[in-house]
Amino acid sequence: MQHYAVFGQPIAHSLSPRIHAMFGEQFGIALDYRAIEAGPAEFPARLEAFAHDGGVGANVTVPLKRDAAVLCRSLSDRAQRCGSVNTLVRDGEAWHGDSTDGMGFLHDLRDRLGFEPRGSRVLLLGAGGAARAVAFALVDAGVGALLIANRSAERAAALADALGPSARAVAWHDAGTPDRFALVVNATSAGHGGRFDPPSLTLAESTFCYDLSYGAAALPFLDWARRAGVAHAHDGFGMLVEQAAESFALWHGRRPATAPVFGALRT
Ligand code: NDP
């Protein structure tokens, strides 16, 4: 039996144990994947105890993704760029850190939802850890222009600088420009508080809207988009399943089918 876990706070309602159990069943892999509650203060000791007890892989979620990066002996290029880690792989006596959020987002957007970002004009709301992962994935996918608006303007500016010439920071209440966006991505956590302060921009019916959050936290953004008449407004549940599939592939060398897991858990 191989030992895996997801660390975070709160963690009791995490779907990751069910997702990974279903992935394991696809390949006949028996794995023990549990949710371990830990805040930043307890995380280093709990991760060490997990490794001592035979833990070979872990996911890390809010609020530990930056802490996890610090605890790793090595980081993938994408984790280094994002400054955060959501996947830990045991490498001898130490942890290797990776970030699968960006690839998970792209798989959901392109493969399940059929939106091709290459050449598109994109507005990204937010500049936190998930926004950074998504921003680098979008630039790697060849977006035409990436505009970033964030509550704290300096974080948006720093992210745009790190991304290079296709990205630029814009003010939250001045995000609208004469050319409309093909894709608007909400990567803020505002919806967890039940709120979304809409940026001042006009959405076209064809504007594709995507919130990284899912469940109730995505509703304020999705309601705003639907009220504006967009035809496509999606939450991040598919991204959750896809980033988990990327983590699974790092641990087991095989990528599971995501559609059956998405279908089973979505209901
Ligand atoms: P962070 O804490 O790193 O970043 C939070 C972001 O939200 C920052 O840009 C912050 O702005 C902004 N923000 C927070 N509150 C407000 C508010 N009231 N109004 C406007 N902006 C606000 O979080 P993450 O990047 O890790 O997560 C962001 C979201 O993405 C969460 O909802 C999370 O659940 C979701 N997510 C989904 C995943 C999936 O698989 N579907 C994977 C990872 C994340 P500021 O910089 O000003 O503080």
Inset, instruction - Take atom CD of E116 as the centre, draw a 6.0 Å sphere, and report whether it contains more than 12 heavy atoms from other residues, nucleotides or ligands. - result: yes
Inset, instruction - Before giving the answer on side-chain hydrogen bond (donor to acceptor under 3.5 Å, both in side chains), spell out for E246 and H107 the whole-Å C-alpha distance, their side-chain angles and the decisive distance to 0.1 Å. - result: CA-CA 10 Å; E246 293 291 311; H107 272 295; 3.2 Å; yes
Inset, instruction - Give, for atom CD1 of I148 and atom CG of L159, the distance between the pair rounded to the nearest 0.5 Å. - result: 4.0 Å
Inset, instruction - Verify, without hydrogens or angle tests, whether R132 (side chain) and C82 (backbone) share a donor-acceptor contact under 3.5 angstrom. - result: yes
Legend entry - Rounded distance [0.5 Å steps], CG in D211 versus CE in M239: 10.5 Å
Inset, instruction - Quick one: pull up CG in D77 and OG in S99 and give me the separation to the nearest 0.5 Å. - result: 12.0 Å
Inset, instruction - Please assess L222 against C209 for the test side-chain contact (heavy atoms from CB on, under 4.5 Å), listing each intermediate value before the final yes or no. - result: CA-CA 8 Å; L222 296 181; C209 290; 5.6 Å; no
Inset, instruction - Applying salt bridge (charged side-chain N to carboxylate O under 4.0 Å, His left out), run through R118 and D140 and close with a yes or a no. - result: CA-CA 9 Å; R118 181 167 296 279; D140 287 349; over 6 Å; no
Inset, instruction - Report the C-alpha separation of L123 and L183 in whole Å, then their side-chain angles, then the decisive distance to 0.1 Å, and conclude whether the side-chain contact (heavy atoms from CB on, under 4.5 Å) test is met. - result: CA-CA 6 Å; L123 175 65; L183 172 67; over 6 Å; no
Inset, instruction - Search all heavy atoms of P199 against all heavy atoms of A175 and return the closest pair with its distance. - result: CB-CB, 4.4 Å
Legend entry - N/O donor-acceptor pair under 3.5 Å between R78 side chain and R81 backbone: no
Inset, instruction - Would you please indicate if the ring centroids of F221 and W224 are separated by under 6.0 Å? - result: yes
Inset, instruction - Indicate whether any N or O donor in one side chain lies under 3.5 Å from an N or O acceptor in the other, for Q2 and D32. - result: no
Inset, instruction - Taking the side chain as every heavy atom from C-beta outward, state whether L113 and H232 have any pair of such atoms under 4.5 Å apart. - result: no
Legend entry - Smallest separation among heavy atoms of L106 and A137, with atom names: CD1-O, 3.7 Å
Inset, instruction - May I ask you to check whether H252 and F23 place their ring centers less than 6.0 Å from one another? - result: no
Legend entry - Ring centers of F105, Y210 separated by less than 6.0 Å: yes
Legend entry - Reported NE2-to-OG distance for the pair H96 and S76, which is rounded to 0.5 angstrom: 5.0 Å
Legend entry - For the student: nearest non-hydrogen atoms of H173 and P198, plus distance: CE1-O, 3.7 Å
Legend entry - Flag side-chain contact, heavy atom, 4.5 Å: R180 against T202: yes
Legend entry - W172 side, atom CH2; S152 side, atom OG - distance, nearest 0.5 Å: 10.5 Å
Legend entry - Non-hydrogen side-chain atoms of D98 and V89 separated by less than 4.5 Å: no
Inset, instruction - Decide yes or no for L125 and F196: does some side-chain heavy atom of the first lie under 4.5 Å from some side-chain heavy atom of the second? - result: yes
Inset, instruction - State which residues pass side-chain contact (heavy atoms from CB on, under 4.5 Å) with A5; sequence neighbours excluded, sorted by chain then number. - result: F7, R34, I36, F50
Inset, instruction - May I ask you to check whether N86 and N59 show a side-chain donor-acceptor distance below 3.5 Å? - result: no
Inset, instruction - Determine the minimum heavy-atom distance between W251 and L88, stating which atoms define it. - result: NE1-O, 3.0 Å
Inset, instruction - Determine whether L109 and R112 make a side-chain contact, defined as any pair of heavy atoms from C-beta on separated by less than 4.5 Å. - result: no
Legend entry - Close side-chain approach of L147 and L124, heavy atoms under 4.5 Å: no
Inset, instruction - Measure the shortest side-chain to side-chain distance between R254 and I29 over non-hydrogen atoms and say whether it is less than 4.5 angstrom. - result: yes
Inset, instruction - Would you confirm whether T207, through its side chain, and A204, through its main-chain N or O, come within 3.5 Å as a donor-acceptor pair? - result: yes
Inset, instruction - Determine yes or no for a side-chain-to-main-chain donor-acceptor pair under 3.5 angstrom, with Q243 supplying the side chain and L240 the backbone. - result: yes
Inset, instruction - Check whether any side-chain N or O of R226 sits under 3.5 Å from a backbone N or O of A233 as a donor-acceptor pair, and report yes or no. - result: yes
Inset, instruction - Flag the pair R227 / D223 as yes when at least one side-chain heavy-atom distance between them is below 4.5 Å, and no otherwise. - result: yes
Inset, instruction - For salt bridge (charged side-chain N to carboxylate O under 4.0 Å, His left out), just list the numbers for D235 and R266, CA-CA rounded to whole Å, side-chain angles, deciding distance to a tenth of an Å, and then say yes or no. - result: CA-CA 11 Å; D235 73 5; R266 186 58 165 177; 3.1 Å; yes
Legend entry - Reported CZ-to-OG distance for the pair F248 and S16, which is rounded to 0.5 angstrom: 13.0 Å
Legend entry - Test log, rule side-chain contact (heavy atoms from CB on, under 4.5 Å), inputs L71 and F43: CA-CA 10 Å; L71 293 174; F43 179 50; 3.6 Å; yes
Inset, instruction - Check S120 against A182 and note the closest heavy-atom contact, atom names and distance. - result: CB-CB, 4.0 Å
Legend entry - Heavy-atom closest contact (A127 atom, N150 atom, distance): N-OD1, 3.2 Å
Inset, instruction - Would you verify whether the NZ or CZ of R73 falls within 45 degrees of the ring axis of W95 while also being under 6.0 Å from that six-membered ring's centre? - result: no
Legend entry - R195 side chain to P220 backbone, donor-acceptor under 3.5 Å: no
Inset, instruction - In plain terms, say whether R151 and D197 are close enough for a salt bridge, that is, a side-chain N and a carboxylate O under 4.0 Å apart. - result: no
Legend entry - N186 versus T188, side-chain donor and acceptor atoms under 3.5 Å: yes
Legend entry - R110/E242 salt bridge by N-O under 4.0 Å criterion: no
Legend entry - Test side-chain contact (heavy atoms from CB on, under 4.5 Å) applied to R168 and L146, step by step: CA-CA 6 Å; R168 139 169 101 84; L146 179 62; over 6 Å; no
